[in-house]
2 protein chains.
Amino acid sequence: MDKISEFSLQVFELNGLFIGIGDAALKPLGITSAKWQVLGTASMGKAQLSVPHIAKLIGQSRQATQKTANDLVRLGLAEFHENEFHKKSKLFVPTQKGLDTHKLALEIWMKISNSIISQIAPDELLRAIKINDELIGILRKINGGNHDK
Amino acid sequence: MDKISEFSLQVFELNGLFIGIGDAALKPLGITSAKWQVLGTASMGKAQLSVPHIAKLIGQSRQATQKTANDLVRLGLAEFHENEFHKKSKLFVPTQKGLDTHKLALEIWMKISNSIISQIAPDELLRAIKINDELIGILRKINGGNHDK
DNA sequence: TTCAAAATGACAATATATTGTCAATATGAG
DNA sequence: CTCATATTGACAATATATTGTCATTTTGAA
């Protein structure tokens, strides 16, 4: 099998494993991996972000991120704030409960992360991250500019 | 951010990119990345496989693979053959049309694969595949033996 | 300023995948 | 052989994600 196929099949399995492990670990907090990703993106940055902005950052469709964001608002973990500079584009802002949940999720995740890190060579992991970055760049170009088809 | 988080976020995006590129490229053949993965697993091995066996090989739930397999049968790309050694467990066998489709899909994919490979250092890709393998092993253990909950 | 192009939110259709459950069949330890 | 355990296929509920469409708002170039 060609090495890109091998790599992509690994990505598919890793994707499922990370989501599965995350969902199980975050279950007590009432959120999932997908919700944590959106909540985390909004919680960690300095500036307040709109949903389409978050979607671009995490490389996801605008609509998928919007759905997750709406769910987070429904759960009381975030709110839409009026954007004085852009009437139509609201800002997605975590509530205090959202920030608290994100902090607890991070603590839970760090235990898992540390456990994994203790089992692998750090420099190899850095190398993997570097090649992943290159591949993301290449694949984004192949995928074409997402024109919000 | 910890390196495992960084890595997992890359995996999420790579997952979406590979699926998106695959779906677009395979569209003329009437199949998707998910269907190609199941069809491919059944087409490339020597022995005929059951659906649960394929699911384990690709690290997916039995039910998800069953759904895809049923769809492939509905499309005329595969058939369920009676298993003389196991009355209840049918064998998932590609039809000639399924084998032809898989061959065409492979040709399409190889062009994409070669294009990607030409843009990265081969030894780095091999390293990434190696660390992915290690991580899959570690994550499988964390995820616990899938007892078909 | 004007107006075409882009961005945004909302909604729908479809695909993919997990988890859970159930009944039927198969397997293996005793 | 017998019976507890595991496997299998089927079905349902839910979550996640893409693609497509539409009306509205915003932006930016002529």
Side-chain angles (χ1 to χ4, degrees), chain A residues 12-24 26-27 30-38 49-56 58-75 80-92 143-149, chain B residues 12-24 26-27 30-38 49-56 58-75 80-92 143-149:
Chain A
F12 296 157
E13 181 160 5
L14 284 168
N15 183 70
L17 285 166
F18 274 123
I19 290 175
I21 291 169
D23 283 357
L26 297 173
K27 202 167 188 179
I31 60 171
T32 57
S33 298
K35 290 185 177 65
W36 185 39
Q37 189 181 12
V38 171
L49 304 171
S50 69
V51 165
H53 194 170
I54 295 173
K56 274 208 172 185
I58 66 183
Q60 204 179 50
S61 75
R62 183 171 59 86
Q63 292 87 335
T65 304
Q66 184 78 56
K67 172 72 164 55
T68 304
N70 291 343
D71 290 344
L72 287 168
V73 169
R74 208 169 298 125
L75 290 170
F80 287 119
H81 286 188
E82 291 303 322
N83 184 347
E84 59 175 323
F85 299 113
H86 194 305
K87 189 191 296 179
K88 199 169 189 188
S89 184
K90 297 168 195 162
L91 296 170
F92 179 78
N143 206 26
N146 195 324
H147 300 104
D148 206 294
K149 326 149 197 181
Chain B
F12 295 157
E13 181 160 4
L14 284 168
N15 184 69
L17 285 167
F18 274 123
I19 290 174
I21 292 169
D23 282 358
L26 297 173
K27 201 167 189 181
I31 61 171
T32 58
S33 297
K35 290 184 177 67
W36 185 39
Q37 190 181 9
V38 170
L49 303 170
S50 69
V51 166
H53 194 171
I54 294 172
K56 276 208 169 184
I58 66 183
Q60 203 180 51
S61 75
R62 182 170 60 84
Q63 292 87 337
T65 304
Q66 183 78 55
K67 171 71 163 55
T68 303
N70 290 344
D71 289 344
L72 287 168
V73 168
R74 208 169 298 123
L75 289 172
F80 287 121
H81 286 189
E82 292 303 320
N83 184 346
E84 60 176 323
F85 299 114
H86 193 306
K87 190 191 298 181
K88 201 169 189 189
S89 183
K90 297 167 194 163
L91 296 170
F92 178 79
N143 205 26
N146 194 324
H147 300 105
D148 207 291
K149 325 146 193 179

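This structure is a prediction, so every number in the text was calculated from the model and none was measured. Each chain gets a letter, A, B and so on, in the order its sequence line appears, and its residues count up from 1.
Atom pair F80(A):CZ and dT8(C):P shows a separation of 13 Å (rounding to whole Å applied). K67(A) places its NZ atom 12 Å from the P atom of dC11(C), with the value rounded to the nearest Å. With rounding to whole Å, N143(B) atom CG is found 14 Å from dA17(C) atom C1'. Atom CG of L26(A) is separated from atom P of dA15(D) by 15 Å (rounded to the nearest Å). Atom-to-atom, CG of L72(A) to C1' of dT16(D) comes out at 13 Å; the value is rounded to the nearest Å. Between the CG atom of N15(B) and the C1' atom of dA17(C) there is a distance of 11 Å, rounded to whole Å. We find that CG of D23(A) is positioned 16 Å from C1' of dA13(D), with the value rounded to whole Å. Taking atom CG of L75(A) as the reference point, atom C1' of dA15(D) lies 13 Å away to the nearest angstrom.
Counting only heavy atoms from C-beta outward, the side chains of F12(B) and N15(A) approach each other to under 4.5 Å. Residues K35(A) and L26(A) are not in side-chain contact: their nearest non-hydrogen atoms beyond the backbone lie 4.5 Å or more apart. Contact annotation: the side chain of T65(B) never approaches that of F92(B) to less than 4.5 Å [non-hydrogen atoms, C-beta and beyond]. Considering only heavy atoms from C-beta on, F80(B) comes within 4.5 Å of V73(B) through its side chain.
In the set dT19(C), dT19(D), dT8(C), the nucleotide with an atom closest to the side chain of S61(A) is dT19(D). Side-chain proximity of S89(A) to dT16(C), dT16(D), dG9(C): nearest is dG9(C). In the set dA15(C), dT8(D), dT21(D), dA15(C) carries the atom at the smallest distance from any side-chain atom of K35(B). The nucleotide whose nearest atom lies closest to any side-chain atom of A64(B) is, among dT16(D), dA10(D), dT18(C), dT18(C). Nearest nucleotide to the K90(A) side chain, out of dT16(D), dG9(C), dT16(C): dG9(C). Here the side chain of R62(A) is nearest to one of dT21(D), dG9(D), dT16(D), namely dT21(D). Set against dT16(C), dG20(D), dA10(D), the side chain of K27(B) has dG20(D) as its closest nucleotide.
Side-chain atoms of D23(B) and S33(B) include a donor-acceptor pair closer than 3.5 Å.
Looking at Q63(A), its side chain has no donor and acceptor atom pair within 3.5 Å of the base of dG9(C).
If S33(B) and P52(A) are placed on DNA chain C by their nearest nucleotide, the residue sitting closer to the 5' end is P52(A). Looking at which nucleotide of DNA chain C each of Q66(A) and Q37(B) is closest to, the 5′-most match is held by Q66(A).
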